[in-house]
Amino acid sequence: RDRKHLAQDGMLVVFITLSAEDGSVMSPPDIITRGFIYVKEAEDLINQLKNVVMDTLYDCSLQRITDWTTLKGAVKNDLSSFLYKKTKRNPMILPVINEV
């Protein structure tokens, strides 16, 4: 089932770097796609995705959410709904959080 999903819709990996001291975002998220969109032709969409991730992380910080599982779930849900509205596709979304 996962292979079929990847073949049809592709995948999107979001790398998020957070501060170990206070949980703040250290740098803009890095987004890597495979089988979903060609990045060089869709820079505007990638920038919009980065903004969605930053907005989600900001909302979580306002609610004092620091649990990685909750953060990943929020990023995944927001990106999934945004991507479906824009592209009518549901790629597999893998948020990865690094603490520095």
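Keep in mind that what you see is a predicted model, and the values were worked out from it rather than measured.
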Quiz item: Does Tyr58 belong to the same Ile/Leu/Val/Met/Phe/Trp/Tyr cluster as Ile31, with side-chain heavy atoms less than 4.5 Å apart forming each link?
Solution: no
Self-check item: Same apolar cluster (I L V M F W Y, side chains within < 4.5 Å links), Met54/Leu83
Solution: yes
Exercise. Test the Lys86-Tyr84 pair against the cation-pi criterion, namely NZ or CZ under 6.0 angstrom from the six-membered ring centroid and within 45° of the ring axis.
Key: no
Exercise. Show your reasoning for whether side chain to side chain contact (heavy atoms under 4.5 Å, CB included) applies to Val75 and Ile93.
Key: CA-CA 9 Å; Val75 167; Ile93 300 172; 5.6 Å; no
Heavy-atom check, side chain of [X] versus side chain of [Y], under 4.5 Å:
X     : Y     : value
Leu71 : Ile97 : yes
Val14 : Leu79 : yes
Val96 : Asn98 : yes
Pro29 : Lys50 : yes

Quiz item: For Gly10, does its backbone N or O pair with a side-chain atom of His5 as donor and acceptor, under 3.5 Å?
Solution: no
Practice problem: Using atom types as modelled and distance alone, determine if a side-chain donor or acceptor of Asn77 lies under 3.5 Å from a backbone N or O of Gly73. | Solution: yes
How long is the span from the [atom1] atom in [X] to the [atom2] atom in [Y], to the nearest 0.5 Å?
X     : Y     : atom1 : atom2 : value
Leu49 : Thr33 : CG    : OG1   : 9.0 Å
Ile65 : Leu62 : CD1   : CG    : 10.0 Å
Lys4  : Leu6  : NZ    : CG    : 13.0 Å
Leu12 : Leu94 : CG    : CG    : 8.0 Å
Ser80 : Met92 : OG    : CE    : 11.5 Å

Practice problem: Identify the two heavy atoms, one from Met26 and one from Leu18, that lie closest to each other, and give their separation to 0.1 Å. | Solution: CG-C, 3.6 Å
Quiz item: Is the closest side-chain donor-acceptor distance between Thr56 and Asp78 under 3.5 Å?
Solution: yes
Quiz prompt | Neighbour count >12 (heavy atoms, 6.0 Å) for atom NZ, Lys76 | solution = no
Self-check item: Flag if over 12 foreign heavy atoms under 6.0 Å of CZ, Arg34
Solution: no
Practice problem: Decide yes or no on side chain to side chain contact (heavy atoms under 4.5 Å, CB included) for Val52 and Gln48, but give the supporting numbers first. | Solution: CA-CA 6 Å; Val52 169; Gln48 290 176 359; 5.6 Å; no
Self-check item: Positive for side chain to side chain contact (heavy atoms under 4.5 Å, CB included) with Leu57, one of Val53, Asp55, Asp59
Solution: Val53
